[in-house]
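In what follows, a structure is listed as structure tokens, so that the remarks can point back to it.
Convention: sequence-line order gives letters A, B, ...; per-chain numbering from 1.
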Amino acid sequence: MTRYDRIYAVIRRIPRGRVATYGQVALLAGLPGQARMVGYALAALPGRSGVPWQRVVNAQGRVSPRAGGAGFEALQRAMLRREGVRFGDSGGISLAIFRWRPRAAGR
DNA sequence: CGCATGACCTACG
DNA sequence: TCGTAGGCCATGC
């Protein structure tokens, strides 16, 4: 069982219509403070893996831009909206499903 | 082995 | 709201 496998397992447990942050996934995967590894694991994830990668957003409740183009970003938002996730005016996800508080990871 | 890079996070200007 | 700084660590050169 590698770190990535545990990360994927946690993401697979995210209910439809809800989202989790990189930091939260890292915490649940037994890797506190290593949110960056979650992002790295997702970057290494093949397209058809069955992992709901779209349900992982950053600590600000926004879709993280990544290399490869803004098209993926738009696709992720579209997929989430189709699952019932609401986005606010500023492009952020409404706090109803985002009410937890991450612990200090930096400084 | 050293160095740079990256779907991150928080604090501070 | 944006940019910078410091910390985490896997991966590639």
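Rounded to whole angstrom, the span from the CE atom of A/Met37 across to the P atom of C/dA10 amounts to 6 Å. Rounded to an integer number of Å, the gap from CG of A/Asp89 to P of C/dT1 is 11 Å. The CD atom of A/Glu73 sits 15 Å away from the C1' atom of B/dC8 (whole-angstrom rounding). For the pair A/Gln24 CD and B/dC8 P, the interatomic distance rounds to 16 Å; values are reported in whole Å. Protein atom CD1 of A/Ile14 is 13 Å distant from nucleotide atom C1' of B/dA7, rounded to whole Å. Per the geometry, CD belonging to A/Gln60 stands 8 Å off P belonging to B/dC9, to the nearest Å. The distance between atom CZ of A/Arg77 and atom P of B/dA7, rounded to the nearest whole Å, is 17 Å. Note: CZ (A/Arg62) to P (B/dC9) measures 13 Å, nearest angstrom.
When the nucleotides C/dC9, B/dC9, C/dT11 are ranked by their closest atom to the side chain of A/Tyr4, C/dT11 comes out on top. Closest contact between the side chain of A/Tyr22 and the listed nucleotides B/dC8, C/dT1, C/dC8 involves B/dC8. Checking C/dT11, B/dT10, B/dA7 against every side-chain atom of A/Ala59, the shortest atom distance belongs to B/dT10.
With contacts defined as side-chain heavy-atom distances shorter than 4.5 Å, the pair A/Arg6/A/Leu31 qualifies. Considering only heavy atoms from C-beta on, A/Trp53 comes within 4.5 Å of A/Met79 through its side chain.
The backbone N or O of A/Gln76 lies less than 3.5 Å from no partner atom in the side chain of A/Gln54, so there is not a single donor-acceptor pair.
With the nearest nucleotide of DNA chain C identified for both A/Arg36 and A/Ser90, A/Ser90 has the one nearer the 5' end.
For A/Tyr8, the side chain to side chain contact (heavy atoms under 4.5 Å, CB included) partners are A/Tyr4, A/Asp5, A/Arg12, A/Ala41, A/Leu45, A/Val51, not counting sequence neighbours.
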